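First up is the structure itself, then whatever we jot down about it.
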2 protein chains.
Amino acid sequence: MVTSHDVARLAGVSQATVSRALRDDPKVALDTKERVRSAAITLGYSPNPIGRALAVGRSTRVGLVVTDLENQFYSYVISPMHRELEKHGYELLLITESSEQAPVADLVAGAGLCGVVLATTTLDSVLPVRLADRGIPFVYFNRTTPNVPADSVTVDPAPGLEKLVDDLVRLGHTRVGAVFGPVNTSTGEEREQALRHILDDQGLTLARKHVRRGPFEFGTGRDAMQELLDLDDPPTVVICGNDVVALGALNTAVERGVRVPEEVSIVGFDDLPTSAWPLVRLTTVAYDLEAMSRQAARLLVERVESGESVEAGGVHTARFDTSYVPRATLGRVEG
Amino acid sequence: MVTSHDVARLAGVSQATVSRALRDDPKVALDTKERVRSAAITLGYSPNPIGRALAVGRSTRVGLVVTDLENQFYSYVISPMHRELEKHGYELLLITESSEQAPVADLVAGAGLCGVVLATTTLDSVLPVRLADRGIPFVYFNRTTPNVPADSVTVDPAPGLEKLVDDLVRLGHTRVGAVFGPVNTSTGEEREQALRHILDDQGLTLARKHVRRGPFEFGTGRDAMQELLDLDDPPTVVICGNDVVALGALNTAVERGVRVPEEVSIVGFDDLPTSAWPLVRLTTVAYDLEAMSRQAARLLVERVESGESVEAGGVHTARFDTSYVPRATLGRVEG
DNA sequence: CTGAAAGCGCTTACAG
DNA sequence: CTGAAAGCGCTTACAG
């Protein structure tokens, strides 16, 4: 392995000067810089980030903590987040919460990360507490927990849901069903509260038998739809906690030969690219997931680089607006 | 930050002993280990991986190099690969080749990685050369380049394609079209050669006007399908380079109101979970992508841990079998 | 503007 | 079985 010492020797300077020159320290003479740079190039040298991290006391590694890497949703998060971090000179490390081998907090603390994006926080997560204890900067992505203050990027479901419910009324739906996300997630909770509230305002109610609940996964929608369709009086529309759940529901309807939206309407939340496919045309609630992912990266980088603690300077929050995207899975009630 | 020195002080031993005890060195007395461990726990200490990496001379960080993080295909690769690496105590870092900021080779070399999985190698990639030059272990995933020998995990398209072509014949297809992957990828090349060869054996030919080509992306299938459907004599079946391309093609057919498979049949390759959706039911060629991803991780770990160079011990290759998965997008030719 | 030196937090021969 | 010491490849006060 070629080190800064090798470069120093070739350039005829000290190792310290190599370090400075390559970091473009203004105190280094221009011709010295040139000499060092060309020496570095001929030797194919690039500074070892591990040495650097140890010396500086922090790395440029950011962790993204998720539970379910297979979930389509996260593909669309990872990509823009990764790009944004890269732009700032940071790397993205994946961490799954399912890794129960070591307590995740230790793993995170031990992974030499300079900061963490939490994408699958539950209301009872201990990870935020642990991170705060150890002074590891982090930002909540999409989901939060009120117990531990931190920067966050979230979405406001109300605007989109309001428009959706307007449409529900217009189309004559009265038996409305829902497949909510888990109660222990802020997103699940918040969307449920918002929806119930808005339905209420319009004089609509959610019959208990028409409500299901479960993780934000395909299987949740699938199973819920099976049960709902087996009811004597199934709902005329099923509003799902997110698109992945809605896709599960939609596929189950299709599999059973139940026509959508003639026999049952289905609505999602997230507006994933898949939902816009001509084959799918899922009616849903949209927001700018890509901008949100970038924003989370940016907030974390700022937090890391400012070195400012949450207690000292307060918290940065970004809240994203939602809109209603009518497509083909929500229709007029028949009969 | 709590260091091994703090633990040493609390446990009343030397820092070196802390290091040994926590790594479960058999030379350390059992009661000493106990003392050190409990001290570590009370202090909430976990060894700093950066210090470790520097001392040992290598990290436990593995890079996954891809071009297109949004591509569905890679979601299904990342998850099992990540899990397998984690099992062996390694972390997964994402690297996109699009990052033209720094030559990727430098980035990889500079990122303090102990090894790399290359998932989007093209036949003319220079990255493998660079990695080999610098002695950075890597394994080819799915795609290879013959120029630089290295461990690899690939799929053999022939078995699946043979069964597919049998079915093509049985169903009366004669105007067969194809949307191949890029010629500068081993997978694109290999699947094309295999398909042409097998068609040939069955007396079928691929008219030049029925052939399209492009990156393994949704848009490729979409655009190709538009063109093919505009032909005076469109193909009766379109065989796509992979599922993502086939999904693009399928959605375009749907959008244009062209019935699949009555008016045109569509076939993919990969058997992504999406392809099995009741809404999709894509006829395709399958292989065990999850096992393949795990295998790649394992080969890399072995290579890294053995420290054996490719020249010295030769190369490990795993080749995965394919099977044919008939579903609903391939049908009998009408009329 | 440049160098010698200390130090980041570990691991690992080397003694004992 | 344990400790003192050197060293991994950097950065950064401190001198000059």
Side-chain angles (χ1 to χ4, degrees), chain A residues 1-37 39-40 43-61 89 106 109-114 134 136 305 307, chain B residues 1-37 39-40 43-61 89 106 109-114 134 136 305 307:
Chain A
M1 179 181 240
V2 30
T3 74
S4 53
H5 287 97
D6 303 319
V7 179
R9 204 171 308 124
L10 180 61
V13 297
S14 74
Q15 180 271 331
T17 296
V18 171
S19 174
R20 292 195 189 98
L22 262 24
R23 331 200 65 249
D24 210 22
D25 188 321
K27 287 178 295 186
V28 177
L30 282 175
D31 56 324
T32 311
K33 270 185 194 167
E34 266 323 306
R35 218 146 19 99
V36 171
R37 279 194 196 126
L43 291 178
Y45 169 78
S46 53
N48 182 329
I50 297 189
R52 160 159 232 281
L54 194 55
V56 179
R58 80 176 151 83
S59 68
T60 53
R61 255 199 277 193
D106 289 354
L113 303 170
C114 61
R134 306 195 191 217
I136 299 176
E305 297 190 343
Chain B
M1 179 183 241
V2 30
T3 73
S4 53
H5 287 97
D6 304 318
V7 179
R9 203 170 309 123
L10 180 61
V13 297
S14 74
Q15 180 272 332
T17 297
V18 171
S19 173
R20 292 195 188 97
L22 260 24
R23 331 199 67 249
D24 211 22
D25 188 320
K27 286 179 296 190
V28 176
L30 283 176
D31 55 324
T32 311
K33 270 186 196 167
E34 266 324 304
R35 222 152 9 105
V36 171
R37 279 193 196 126
L43 292 178
Y45 169 78
S46 53
N48 182 328
I50 297 190
R52 160 158 232 281
L54 194 56
V56 178
R58 79 176 152 81
S59 68
T60 52
R61 253 200 279 194
D106 289 353
L113 303 169
C114 60
R134 307 197 188 213
I136 299 176
E305 296 191 344

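Computed from a prediction, not measured in an experiment: that's the story for all the values here. In what follows, chains carry the letters A, B, and so on, assigned in the order in which the sequence lines appear, proteins first and then strands, with residues in each chain numbered from 1. Worth knowing before you read on, the calculation uses all heavy atoms, side chains too, and leaves out hydrogens, waters and symmetry mates.
At a threshold of 4.0 angstrom between heavy atoms, the contacts of S19(B) include nucleobase atoms, whether or not backbone atoms are also involved. As judged by a 4.0 angstrom heavy-atom cut-off over every strand, A29(B) is placed among residues touching the sugar-phosphate backbone only. Looking at heavy-atom distances under 4.0 Å, R23(A) makes contact with sugar-phosphate atoms alone, never a base.
Taking every heavy atom of both residues into account, D6(B) and T3(B) meet most closely at OD2-N, 2.7 Å. Here the shortest heavy-atom pairing between D24(B) and K33(B) reads OD1-NZ, 3.1 Å. For the residue pair V28(B) and A21(B), the shortest heavy atom distance occurs at CG2-N, 4.0 Å. The minimum heavy-atom distance linking V36(B) with V13(B) is given by the pair CG2-CG2, 4.0 Å.
Here dA13(C) sits opposite no nucleotide as a Watson-Crick or G-U wobble pair (both hydrogen-bonding atom distances under 3.5 Å). Pair assignment for dA4(C): none, as no Watson-Crick or G-U wobble contacts are both less than 3.5 Å.
For the atom pair OG of S59(A) and CZ of R61(B), the computed distance is 7.0 Å after rounding to the nearest 0.5 Å.
Once you apply a 4.0 Å limit to the heavy atoms of chain A, the touched nucleotides of DNA chain D run 5' to 3' over dG9(D) to dA13(D).
Between S14(B) and G51(B), it is S14(B) whose nearest contact on DNA chain D lies nearer the 5' terminus. DNA chain C is contacted by both V13(A) and Q15(B); V13(A) maps to the nucleotide lying nearer its 5′ end (nearest heavy atom per residue). Each of R20(B) and R52(A) has a nearest nucleotide on DNA chain D; the 5'-most of these lies closest to R20(B).
For the P atom pair drawn from dA5(C) and dC1(C), the interatomic distance equals 24 Å after rounding to whole Å. The gap from the P atom of dA13(C) to that of dG9(C) amounts to 23 Å, rounded to the nearest Å.
Between the side chain of R35(B) and the main chain of A11(B), a donor-acceptor pair closer than 3.5 Å is present.
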